[in-house]
Amino acid sequence: MERMTEEQVKTIANMLRKRSLWMIHYCTGCGAMELPPTMTSRYDMERFGLAPYVTSRQADILLITGYLNVKTLRRVITVYEQMLDPKYVIGFGSCALNGGVYWDSYAVIKQLDRYIPADLYIAGCMPRPEAIISAFRHLMELIDSGKADGYKRYKRNLAYYKENQRKVLG
Amino acid sequence: MVKMILIAIGAPLVAFAIGLSFMMIKRKIVARIQRRYGPTIIQPIYDVLKLLVKEDNISHGVIFSLGPIIAIAGSILAVFFIPMAGFSMLTGSGDLIALLYIMAIGSLGMALGAGDSANPNASIGISRALTLMFGYDLPLVIIVISVALQYHTTNLSDIVAAQANGNWTLWTLPLSAIVGFVVTYGALGEHPFDIVTAPHEVATGPMVEYGGKHLGFLMISHAFHIYIEIALFVDLFLGGASNILIFYLKMFAVFFIMIMFDEVLPRFKIDDAVRFYWKWPTVVALISLIIVLVK
């Protein structure tokens, strides 16, 4: 039997990963409000193999739901580093993009991507469940084509991320 | 000899396939009860395979990694003792009593592994699992004694043979059968007995530190667990089966009724669960035992 090349193994692994994405049930801001309708009967994200899980060891996706406090950032980093590779981060709502309505607050993180690598952003305040599901579908496409490599970027540029984190957290 | 080796490899595979198919069907039925479309039918296979191909696998020690393996090994050993559609691998007088001991190995393997992770949630989950086992084992032992007394044997194959021609224990000892159902139900950890893995209280309990391939192994061991508990119930009370299709249908009927209960009940506290098991099922099981003794 011909042995599979590394490329083929990676393709199969990505195909499996995109079909079973578990997201950690960790809510940083008000955006989490839109997740219950996405999970339950109305929009039913389990159709796509997405399911909420409770611990960081089991999960694949970390959602930054809405604004991210400096205080919460410390916990988010711990959770992110506890998750097992491959892991994906979705910035959820305007606050994760540029601070949103908290653009001039001293306690809110404006740019998520400076502290942990985000694979995808959902714009809007709040994003509707349709937008969330379409974002998940987009993430699946990224995983399939191997472009969702945030966890690799984090490892490669660890010094940069740690430096930024240290500036805020002290 | 060749036949024995084939059976030794085939029996666990068939058991795993049956358990996995029940996991698939369960998610779909649960979704339909909640008026959702539900995942694709082979979703649990994707989940297990995805966990097995994770790049990172964190271990908290040797016993932590061995825990899921011990659980699977204990389950496979139990599969050999349970008559599956007419044949059983390891059989002999007293195998029913040996099986009662072997069925505990799965939980103990998980307890060892979870204890090694030193996570408080895992410790609470494991203490709950062992306390719950303590609760349902008492009525289970009593009904096993009544069934053994009824047929004057502790050999599972003989018990299955004695129930041939529709003369099921379910009809001759209905009270024991009801208790057996409740015990099987609790052993599977469905609502209201899902205190062990309660995600909202102890963050999936013993599984809290497990991720990657370890969690994949735990899901495989869960598939075996479903098979063992329901197959034992079918063999003891529904007369086993002569071919695998009828066996599967009987198991499916039991599992289907369980899902129906599972979806409408809330969750017990651990002390309430033990109190429940030591009150009603134990009393009913004792009444059934007395009926067998005076008959």
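Keep in mind it's a predicted model, so treat the numbers as computed, not measured. Because only heavy atoms are used, hydrogens play no part in the values below, and waters and symmetry mates are left out as well, while side chains stay in. Throughout, a chain's letter reflects where its sequence line sits, starting with A, and its residues are numbered from 1.
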*asked:* Quick check on B:L51 against chain A: is it the side chain, the backbone, both or neither that has a heavy atom closer than 4.5 Å?
replied: side chain
*What part of B:E209 lies closer than 4.5 angstrom to a heavy atom of chain A: side chain, backbone, both or neither?*
both
*N-O pairing of A:D60 and B:K54 below 4.0 Å*: yes
_Test log, rule side-chain contact (heavy atoms from CB on, under 4.5 Å), inputs A:E46 and B:R27_ = CA-CA 10 Å; A:E46 208 187 1; B:R27 282 181 71 167; 2.8 Å; yes
*Side-chain donor or acceptor of A:R57 paired with backbone N/O of B:L215 under 3.5 Å*: no
*Looking only at atom types and distance, does a side-chain atom of A:S41 sit under 3.5 Å from a main-chain N or O of B:Q34, one as donor and one as acceptor?*
yes
_Side chains of A:S20 and B:Q43, heavy atoms from C-beta outward: is any pair under 4.5 Å?_
yes
Which heavy-atom pair separates [X] from [Y] by the least distance, and what is that distance?
| X | Y | value |
| --- | --- | --- |
| A:D44 | B:Y37 | OD2-N, 3.1 Å |
| A:P86 | B:E55 | CD-N, 3.9 Å |
| A:Q58 | B:M207 | NE2-O, 3.1 Å |

*Could you walk me through whether B:Y210 and A:T55 pass the side-chain contact (heavy atoms from CB on, under 4.5 Å) check?*
CA-CA 9 Å; B:Y210 280 107; A:T55 77; over 6 Å; no
*Which bit of A:S56 is near chain B, if near means a heavy-atom gap under 4.5 Å: side chain, backbone, both or neither?*
neither
